[in-house]
Every structure is written in C-alpha cells, then in structure tokens.
Amino acid sequence: MMRAMTAQPPLPPSSHARRGVWHRLFADVIDPYAFRVALYVLLALPAGGLVVGLLTVGVVGGVLTLALVVGAALLLGALWLVGGLADVQRVLAGLLGVSFVRAGPLPAYTGVWPWVRATLSDPATYRALLFHVVQFPLAALCWLVLGTLLALTLGALASPLWWLHPPLFPLVWRDSTVMPGLPVVAGLLLLGCGSLLVLGGVLNLMGRMWTRLTLALLGGDMGYEAARREVMALRRAAGRVALGDDLEATLADLAVQARLASTAQAVALLSPDGSPRASSGTFPAEWSLSVQPAPVPQGEADVRFAAGGATLVSFSVTLPPSAEVLDGGTLRAVYAPGTRPGPDELAFLLSIADHAGTALHAAQLIERAGTRAGEQERARLARELHDSVAQALYGITLGAKTARATLDRDTEKARASLDYTIRLAEGGVSEMKALLFSLRPDALEEGGLVAALTGHAQAMEARHGLTVFADLPAEPHLTPDAQAAAYRVAQEALHNVVKHARASQVWLSVTQADGWVTLSVRDNGRGFDPDLQGRGTLGQRSMRERAAGAGGTLEVRSVRATVSGTQSETAPGADSGTTVTLRLPAAPSEPQPPAVSTGAQP
C-alpha cells in the first residue's frame, strides 16, 4: 500500500531589501537555491527516462506475456515500481528543499491480493504514476530551455575573446570574415548579462514549479493533514481552557498550539493596551509587539502586508456579554514572506482567539467567585462572632459591673457574679478556639488525622455542648487520600449528630489492626429507621462515595428511640443511637532505620 506522506514547502528566498544594488540584481543567480534547482533538473531527465523505461518494460512485457506466469509477475513488479520509484523521487526532491514525513506506520503485509487491492484503491498510486509520466517530457523541456539560455549566455559573455582573437571564432558572411567592433562586444556583454539574469529567474521559476508538482503528486493530502492538526490543536486548547488552572499557562499553550497547527511564523496574544500576554515564535523587527493595533471587528481578520513581504493577521479576542470586561485584547499571527493564510486557517485562528476569550472569561469568573466566597466567609465570621463571642463578652461586661456594684454590700453575690463572669470568659475562649479551628482547613495536613479529629471534637464540645469521648491513641498509617476521606466522613457524621440526633454524648475512636484502620462515630441520640431511608440521605451517600474512593467500606447502624407517651416525637434512650463505622486499608509501613543506642536507661 502506498505510504501516506506529508510535506512542508520551503520558505521563499529571504528579502534582499537591505543588500547592495548588484547583490539584489543578481540575487537569483548567486542564490544556492538556484544551483540546487539546476542540479535537480540535470538529474530529473535521466531519472525520468529510467523510470519511464522500467515502467514501460514492465507493463508492455507483462501484457505480452500475460498468458504465462511471468506476465503477472511483471505487472505486479510494475505496480510495485510505481510506489518504490516514487520514494526515490521524494529523496531527489530534497534538492528543492522539500521534506516528506510519513503520516503513519506502514500497513502490515497480509498477502498479494489484499496488497494489490489496497494499492489500486489508493489515490496516491495514481498521483505517483502521473508524476512519472509527466516528469520525463517536462524535464526534457527544462533541459531545452536551460540549454538554450546557457548557450546564449556563455556565447555572449565570451564575445571579448572573439574581439581579441578573431581566428578562434571565424564568422564568414558572403565570402568575407566578420570582425566585431567594440560596440558590438559591449552589446553582446550586455546581452550575456541579461541572459544570465533571465537564467537565474527561470531557475527560480522552475524550482517553484517542480516544488509544487512534487507536493501535489508525491505528497499526501495536505488539506487533510492541516485539518487534522487544527482539530488536534483545538481539542487540546479546549481541554486546557476547561482545566482553567493557570491563566498564563493556558494562554501560552494556546499561542503554541496556534503556531504549530498553522503556517504562521509567530503567534502572540496581546492585552487591550498592547502588552504581550503570551507568544510563540519570533516576530520580525518591523512588527513590534509594542505597537498597539487598530481595533478589529469581532469575527473578522485584519490582514496587513509589510515592505519585506511578511503578512500580519490580527483577530479580536472578545469575551461573552456576561463578562465584566468585553475587550480581551488581540491575537496576532505573522507569516513569512510569500506565505498567505487561507480561509480555513483564518477560521482556525479565529477559533483560537475565541478559546482565549473563554479562558479570560473563566479567569474572571474564578476571581469573582473567590471574591464572593471571601465576602460570604466574612459574613459568616461576623454571624459567628455575634452569636457566640460577642454575646459572651456582653455577659462578661454585665457580670463584672454587677460584681463591682455589689462588692461592698454583698460579698457572696459579688463572688457569684465573678464565677459567672469566669464561666462566660472560659466559654468565650472555647468558642474562639472552635471558630479559629474551623477557619484552618490545613489542620489535617499539619497535625495529621488524630490532631484534626481532636480539634474538631473540642470544637463540637465548645459550640454545641456535646460530651465527646475521644479514643485516639495513635496516628494511623493512611495514604493522604484515605486520611482526607476519613476526616471528611468523621466531619459529616458529627454534623449529622448535631443536626438530627439530638444526642448529648458522642464516642469517637480510631483503631488499626490487621492492615485496616477503623473509624467509629457513635451517639446516644434518637436514631432512625434504616429501612425507611432507602439508599440513605445525601450526606450518607457522600460518605459512602468517599469511602469507596479510598478503597474502604462504610457501615451505618441505627436504633430508633421508642415513642414516649402520646407524643409523636421520639426521645433518646439508653439503647438508641447511631453508629457510623468506616474501614480503610492501612498504608504500607515504611521501613524504620535501626535504633542507635545512646546508653540511656529506660
């Protein structure tokens, strides 16, 4: 099967605007690209003749001997030569600066007839055959044109030798020898220089012609490859924007993807004031990024051309109407001289600009959400201080004033007021500790699971008046994910105790045995009927999901309190309550280094 190939056309010769007059005049002649083209044309004629000869012998010989077994072999060989000689032509096209890369791995060989069917159904086979047919006559025509120009150039430039040594170039006209004069020699020299310039220009044109021919007939489907690169770039850009972890990294990745999937030399994303946010590639000096571009209408491209032949394309980065700031800046793409973006590539770059606008909008939303979360947290903190610490401070103030007023008249009453004030102060301190603990989400990372659960238990006692019996002998061996799951499950279980159980006592324990860590939260509340809960409440489902995510199990057992009297509500009893048991696999213990004896006695 014919190998699918892709190719990148060579960049045109660089601009000679800053060179000297003579250098610019003979630029096509002294350009190394012209000599490579001449060598390619020199080799193309014998190569084309050899290819045509081999294919003709194979096809004609195969047809004439088709009745014999050798005829089928000759036809199969000719079919193989179409692809094999095309690979030789691709190597030869390297003189033109054309490089081919394989788009995918070679297909596995599955037999002769599958290979024949695949080869005959591959459009690349017929394109390669067309190249073989066209190459020989086209190379012969190039030889004829270049040979004529080269002979004219050499003959005209050799005219001074004719003037200096007429016997070397005898020219007889009507029985008389023509002797050149100085004006004739000067005219022939000018003709030689002009022919040399024409020869350089013709070589340049031939190089472009053969380059386009090899890309069109020996290369793969360039439109398909470009579309594939653009789709891959857009998919990665969408994933990067959806991740939304770092705006600067997202914009930088968008610029890189836009440059790699297009023919642009450089791509940059600019802020509304013209300062660069992200860029990929090198911008020419004439397109300085500090120059603020003109406003570009939304959904359109602004295309400008430089004196050196470079092209600058600008797109407006626009945010959705719901954004606070609609102007997201500009996307710029610079193309090398002689390269122009097509409509499909402009549409691709416009999509990249839209992705940049989405990333900027997402960053605005995240910042807005963070600001709103901070405001909500400050409001919650104000409510907590007002409901707990502020009330305690107000009670302390009243108790201290009462004690001062009754200190001289009634000592016992003053002592009672002072005791009341001390209890309020201790309660306020406990409330403040609980509030500070709730504002520290990093307690688990700093002190471990036992320290975090101890602090949470103390906060429950201080804020809700519960009696918490904590049995937390040692820090269990858990992975960070399992540790976080255990802490969140304990938080949810204690929250349910406060919200639903109407309990007065809670037992909290963590044990480790036989490679498993067991966390238990038990209360003496009113309980519930597990059969009526079905799959459980949202909190229970969340706890089960956390346990399953950490590779453990969760069990919830509850005994509902009996109905007392004629009351419809249930009251906690000695046998009622709920027990939440979490089992997690213990993390493997790290080997401990051997203890070093210091001679101290226990």
Side-chain angles (χ1 to χ4, degrees), residues 376-441 443 446-447 450-473 490-510 520-527 561-578:
Q376 292 177 348
E377 185 64 20
R378 286 192 293 270
R380 186 187 71 85
L381 180 61
R383 289 194 303 269
E384 296 285 349
L385 290 174
H386 178 270
D387 296 339
S388 57
V389 180
Q391 297 293 339
L393 293 176
Y394 180 70
I396 290 172
T397 302
L398 291 179
K401 289 182 178 180
T402 302
R404 185 180 61 181
T406 59
L407 182 62
D408 297 332
R409 301 192 308 270
D410 190 346
T411 307
E412 293 297 327
K413 190 174 181 179
R415 183 179 292 108
S417 298
L418 290 176
D419 292 338
Y420 172 74
T421 302
I422 292 173
R423 288 195 299 272
L424 287 178
E426 292 175 348
V429 171
S430 300
E431 287 283 349
M432 183 60 70
K433 288 182 178 180
L435 184 60
L436 292 176
F437 182 81
S438 65
L439 294 176
R440 292 185 50 131
E446 291 183 357
V450 170
L453 291 177
T454 300
H456 195 70
Q458 293 175 354
M460 297 289 290
E461 288 182 331
R463 304 185 67 179
H464 303 288
L466 290 174
T467 301
V468 181
F469 299 96
D471 182 15
L472 308 171
Q491 272 188 322
E492 182 64 25
L494 293 173
H495 174 73
N496 290 338
V497 170
V498 175
K499 187 176 180 181
H500 305 291
R502 297 184 182 178
S504 60
Q505 296 177 337
V506 180
W507 288 264
L508 174 63
S509 65
V510 175
S520 176
V521 179
R522 179 171 64 88
D523 64 74
N524 65 343
R526 58 180 181 173
T562 57
V563 179
S564 59
T566 59
Q567 300 293 328
S568 61
E569 296 184 357
T570 57
D575 298 331
S576 63
T578 302

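Computed from a prediction, not measured in an experiment: that's the story for all the values here.
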Rounding to 0.5 Å, atoms CZ (R415) and CG (D419) come to a distance of 8.0 Å
Treating N524 as the side-chain partner and S504 as the backbone partner, does any N or O pair qualify as donor plus acceptor under 3.5 Å?
yes
Compare every heavy atom of A503 with every heavy atom of D523, then report the nearest pair and how far apart it is.
CB-CB, 3.9 Å
Could you give the distance from CD1 (I396) to CG (L418), rounded to the nearest 0.5 Å?
12.0 Å
For V510, give me all partners under side chain to side chain contact (heavy atoms under 4.5 Å, CB included), at least two apart in sequence or on another chain.
L453, L472, P476, V517, L519
Distance from T454 atom OG1 to H456 atom NE2, nearest 0.5 Å?
11.5 Å
Heavy atoms only: give me the nearest L407-A414 pair and the separation to one decimal.
CA-CB, 3.8 Å
Output yes when a side-chain donor or acceptor of R526 lies under 3.5 Å from a complementary backbone atom of H500, and no otherwise.
yes
